[in-house]
Amino acid sequence: MDHFDNNCQQIAKLLLLISSTYISFRTKDTAMIKHDLETIRHSTAHLMAQALIELYPNEKIQLGIGPVIENGFYYDIDTELQIGDEQLPLIEKKMKELIKKKIPIERHEINRQDAIKLFKKLEQPLKVELIEDFPDEEVITYYTQGNFIDLCRGPHVNHTGELSPYFKLLNTAGAYWRGQQDKKMLQRIYAVCFDSKESLKEHLNFLEQAKKRDHRKLGKELHLFHFDPVAPASPFFLPKGAHLYNALIDFMREVYKRYNYQEVITPQVLDAELWHTSGHYEHYHENMYFTKIDEREFAFKPMNCPCHMLMFSNFKYSYRDLPLRYADFGRLHRYERSGVVSGLTRVRTFCQDDAHIFIQPEKIQAEIEQLIEMFFICYKHFDFQDIKVALSTRPEKKVGSDEIWDNAEKALEKALQSSGVDFHINEGDGAFYGPKIDIQVADALKRYHQLGTIQLDFQLPERFDLKYTNQEGQSVRPVVIHRALLGSLERFIGVYIEHVGGAFPFWLAPVQAKIIPVKNELHLEHAAKITQQFSKLGFRIQLDERNETMGLKTRETQKAKIPYMIVIGDQEIEKQTLSLRAYGEQKTSDYSIEETIEIFQKLNQQKLPQGLRDFS
RNA sequence: GCUCACGUGGCUCAGUGGUAGAGCACUUCCUUGGUAAGGAAGAGGUCACGGGUUCAAUCCCCGUCGUGAGCUCCA
């Protein structure tokens with residue numbers, strides 16, 4: 001211990017020397033300008049730990065790790081004390097007090113053995129565990145601020161007065177120690193931290209906006225879907241939600257026509273034997289629903305692939321038939337563990353815009369190029385402008401020869417390059433059965449969501465012994481490409497609701513326009529005629545014939561985010577016009593009925609992206 | 001699955017150890033209205049479910065189910 005004390009003093013002296021020669025530049029508002037945000041966040045994590053210990057001196061608080069994350073930091077701690085949302089303001093207050101005290105933060109170096117002794121003495125077993133994993137000769141650094149000591153690599157600010165008061169403790173949650181399921185669950189406190197009042201405000205505002213757009217909230221408000229405990233994590237689509245669902249399928253069908261896909265329909269419940277053949281029984285058993293009937297074990301399909309493999313193996317195909325593209329909107333069931341399900345984004349029953357492409361190995365690149373084109377056209381159509389592409393290559397555990405993988409990875413990479421898209425490579429992140437391309441899109445709040453995926457598969461063709469006859473008359477194995485563009489319709493609907501904030505474009509909106517007569521007894525008859533005229537043209541139009549005020553009807557139409565509101569009164573009847581007000585706008589415009597039809601028809605044409613309308 | 005929180009009329013949410021309240025929605029009546037809430041009356045709840053403690057539980061305790069924030073998982 002004396003060796004350690006000695007060491008400590010020397011470092012303290014040295015630090016004093018350094019800090020006294022350090023000229024700090026301060027502006028009036030920002031005390032922390034000389035440090036980068038990451039350092040500030042990191043030091044603020046320590047500050048939070050110090051605040052906790054000072055706030056609850058009689059509690060045993062064992063510190064885990066407190067790293068910097070996007071927008072802030074967290075700290076994992078182990079304590080009997082239950083830290084809930086009520087405690088967060090108290091901790092914040094304590095932290096701000098400590099900032100005002102300008103407590104010096106000092107760096108110390110120490111050898112591993114002494115570090116273990118020190119943190120044992122401090123009764124910080126989690127820290128001891130961390131140090132014990134360091135190599136023997138490693139020089140350990142720790143920091144002191146007042147009576148608080150924390151193991152840390154640094155760097156940190158010089159004293160707590162340099163820290164930003166623009167932080168907020170957000171919430172608490174459980175987290176496994178060292179991220180391992182078999183280890184103890186610690187309490188984690190999440191916080192955001194910025195270097196200016198404006199940035200913090202902006203971020204909190206962002207969180208509020210995100211909350212407003214939450215698809216679960218909008219889904220209820222706009223009568224799109226609901227959930228019921230009788231079917232956990234399984235959405236019930238109400239008429240308006242079902243419209244979106246079907247409209248997306250219609251959309252994909254139009255896309256498929258232009259890219260030579262053929263739609264198939266396959267069974268829902270299939271003999272367990274099939275899932276043994278496919279390998280799902282061994283590897284995916286935990287996530288499958290089973291049922292027994294006539295002493296035979298069946299499973300609900302969690303994926304369509306095995307069905308398509310059967311379909312392929314039922315015929316003898318020539319290379320001339322390839323690529324063969326089977327699309328399937330079959331309903332899938334996956335038993336997701338209770339803690340992982342959420343809204344529409346992770347559910348237990350869903351539908352993918354799924355397709356499997358059976359292809360000659362040498363044709364992979366061309367097919368991928370076409371897929372990339374199709375994906376980009378479609379994502380942009382839904383106004384996802386920011387698209388991230390990742391190529392995931394072979395993992396350690398894999399099937400198939402290195403030669404196959406080399407060719408496949410090269411084909412994917414070449415296809416991405418020739419398509420001119422930016423992409424990054426996730427080394428070793430591919431599925432064991434083949435490399436894949438994952439596509440993420442940013443929504444209106446710049447949050448990224450994974451939608452589509454393109455996966456090569458060398459495994460299933462093997463397991464199902466798929467063959468086609470090549471030009472030389474030999475029987476050879478095709479490669480299978482799994483691909484989904486929207487991903488699951490449920491998830492896509494969830495993401496898209498948040499992207500557009502529930503205000504769908506005209507072509508997709510469940511109700512495209514609402515007709516409001518000014519005075520029912522004078523105008524209802526005419527309004528009903530107009531409604532019928534538009535309905536007969538296929539527009540989704542609703543007549544509001546309730547005896548309510550215009551104010552109320554206007555308010556409800558706006559709240560329902562219906563693209564157009566059409567008011568009909570004396571003036572309109574006399575001039576044979578319609579008063580149109582677009583969603584989100586204050587002003588109204590008068591159009592003749594014919595002009596309105598033209599406007600609506602034009603808007604409906606946006607159903608298909610330009611790139612596909614002109615497709616030859 | 002794990003940790004924590006939550007579950008009160010269709011929706012959003014108050015509330016209390018002595019079996020419940022508001023606003024919106026709903027029904028009826030009045031109002032005949034020109035672009036974000038006209039007025040009145042009425043109906044509607046085993047306070048998620050099952051146990052326990054108590055003279056008495058919607059409230060306290062335990063369990064189950066569901067939901068949320070995370071963690072872990074994601075062929």
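Every value quoted in this text rests on a predicted model; they were computed, and no experiment measured them. Proteins get letters first, then strands, A, B, ... in listed order; numbering begins at 1 in each.
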- Task: Sort out the partner of U58(B) for me: Watson-Crick or G-U wobble, both distances under 3.5 Å, none otherwise.
- Result: none

- Message: Please classify the nucleic acid contact of Thr557(A) as base, sugar-phosphate, or nothing, using heavy-atom distances under 4.0 Å.
- Response: nothing

- Query: Can you tell me if CD on Glu59(A) sees more than 12 non-hydrogen neighbours from other groups inside 6.0 Å?
  - Reply: yes

- Query: Less than 3.5 Å between a donor and an acceptor, one on the side chain of Thr172(A) and one on the base of U3(B), is that the case here?
  - Reply: no

- Query: So what does Gly551(A) hit on the nucleic acid, given a heavy-atom distance under 4.0 Å: a base, only sugar-phosphate, or nothing?
  - Reply: sugar-phosphate

- Message: A36(B), OP1 or OP2 - any side-chain N/O from Arg581(A) closer than 4.0 Å?
- Response: yes

- Message: Measure CZ/Phe225(A) against C1'/U67(B) and give the value in whole Å, please.
- Response: 14 Å

- Query: For the side chain of Thr577(A) and the backbone of Tyr591(A), is there at least one donor-acceptor N/O pair under 3.5 Å apart?
  - Reply: no

- Scan Arg337(A) against the nucleic acid and name what it touches under 4.0 Å (heavy atoms): base, sugar-phosphate only, or nothing. base

- Message: Any strand counts, and the cut-off is 3.5 Å on both contacts for Watson-Crick or G-U wobble. Which nucleotide pairs with U28(B)?
- Response: A40(B)

- OP1 or OP2 of U12(B) less than 4.0 angstrom from a side-chain nitrogen or oxygen of Lys220(A), does that happen here? yes

- Item | Atom-pair distance (NE2 on His215(A); P on G68(B)), nearest Å | 9 Å

- Message: Any base atoms under 4.0 Å from Asn520(A), or only sugar-phosphate, or nothing? Heavy atoms, all strands.
- Response: base

- Message: Side chains of Val264(A) and His308(A), heavy atoms from C-beta outward: is any pair under 4.5 Å?
- Response: yes

- Item | Aromatic plane relationship, Tyr496(A) with Phe492(A) - under 30° parallel, 30 to 60° tilted, over 60° perpendicular | parallel

- Task: Quickly work out the Gln571(A) CD to G33(B) P distance and round it to whole Å.
- Result: 14 Å

- Any Phe225(A) side-chain heavy atom under 4.5 Å of Leu344(A) side chain: yes

- Now, which nucleotide makes the Watson-Crick or G-U wobble pair with G34(B), with each of the two distances under 3.5 Å? none

- Query: Under the 3.5 Å rule, do the base of G1(B) and the side chain of Tyr176(A) count as making a donor-acceptor pair?
  - Reply: yes

- Message: If you go through the side-chain atoms of Glu521(A), does one of them form a donor-acceptor pair with the base of G33(B) closer than 3.5 Å?
- Response: no

- Query: Contact class for Asn287(A) vs. all strands (heavy atom < 4.0 Å): base, sugar-phosphate, or nothing?
  - Reply: nothing

- Message: For a quick check of understanding: with a heavy-atom distance under 4.0 Å over all strands, which category does Gly179(A) fall into, base, sugar-phosphate or nothing?
- Response: sugar-phosphate

- Message: Pick the closest RNA chain B nucleotide for Met550(A) and for Pro232(A) by heavy atoms, then say which residue is nearer the 5' end.
- Response: Met550(A)

- Query: Is any side-chain N or O of Tyr190(A) closer than 4.0 Å to OP1 or OP2 of C71(B)?
  - Reply: yes

- Note on the structure: Per atom distances to the Thr549(A) side chain, the nearest of U35(B), G38(B), C71(B) is G38(B)

- Item | Closest to the Lys559(A) side chain, choosing from C71(B), A36(B), G1(B) | A36(B)

- Closer than 4.0 Å, any side-chain N/O of Lys519(A) to the OP1 or OP2 of G33(B)? yes

- Does Asp590(A) or Arg463(A) map to a spot on RNA chain B nearer the 5' end, using the closest nucleotide for each? Asp590(A)

- Query: Are Ser278(A) and Arg463(A) linked by a side-chain donor-acceptor pair shorter than 3.5 Å?
  - Reply: no

- State, with a plain yes or no, whether a side-chain heavy atom of Pro461(A) is found less than 4.5 Å away from one of Val479(A). no

- Query: Watson-Crick or G-U wobble partner for A48(B), using a 3.5 Å limit on both distances?
  - Reply: U64(B)

- Message: Over all strands shown, is Ala560(A) touching base, sugar-phosphate only, or nothing at heavy-atom distances under 4.0 angstrom?
- Response: nothing

- Message: Any base atoms under 4.0 Å from Arg216(A), or only sugar-phosphate, or nothing? Heavy atoms, all strands.
- Response: sugar-phosphate

- Message: Tell me the interatomic distance from Lys575(A), atom NZ, to G34(B), atom C1', rounded to whole angstroms.
- Response: 12 Å

- Query: Which of the following nucleotides, A37(B), U32(B), C4(B), is nearest to the side chain of Leu552(A)?
  - Reply: A37(B)

- For U12(B), which nucleotide is its Watson-Crick or G-U wobble mate, given both distances must be under 3.5 Å? A22(B)

- Which whole-number value in Å describes the distance from Glu585(A) CD to U35(B) C1'? 13 Å

- N or O in side chain of Ser338(A) less than 4.0 angstrom from G1(B) OP1/OP2: yes

- Query: Of all the choices, U32(B), A69(B), G34(B), which nucleotide is nearest to the side chain of Asn547(A) once you look at every atom?
  - Reply: U32(B)

- When rounded to whole Å, the CG to P distance for the pair Leu332(A) and C74(B) reads 19 Å

- Just call it for Asp570(A): base, sugar-phosphate, or nothing, with non-hydrogen atoms closer than 4.0 Å on any strand. base

- Selection from U67(B), G68(B), U72(B) that lies nearest to any side-chain heavy atom of Val340(A): U72(B)

- Item | Nearest-neighbour nucleotide for the Met185(A) side chain, G70(B), U67(B), U35(B) considered | G70(B)

- Nearest-angstrom distance from the residue atom CD1 of Ile189(A) to P of C4(B): 15 Å

- Base-pairing assignment for C71(B) (Watson-Crick or G-U wobble, both under 3.5 Å): G1(B)

- Message: Strictly by Watson-Crick or wobble contacts shorter than 3.5 Å, is anything paired with U53(B), and which nucleotide is it?
- Response: none

- Message: Under 4.0 Å from OP1 or OP2 of U35(B): is there any side-chain N or O of Thr588(A) that close?
- Response: no

- From the list A25(B), G70(B), U32(B), which nucleotide is the closest neighbour of the side chain of Ala173(A)? G70(B)

- Query: Phe300(A) versus Phe290(A): any side-chain heavy-atom pair under 4.5 Å?
  - Reply: no

- Task: Pick base, sugar-phosphate or nothing for Gly434(A), based on heavy-atom distances below 4.0 Å to the nucleic acid.
- Result: nothing

- Whole Å only: how far is the CD atom of Glu572(A) from the P atom of U35(B)? 12 Å

- Applying the side chain to side chain donor-acceptor pair (under 3.5 Å) test to Glu498(A), which of Gln209(A), Arg213(A), Arg447(A) qualifies? Arg447(A)

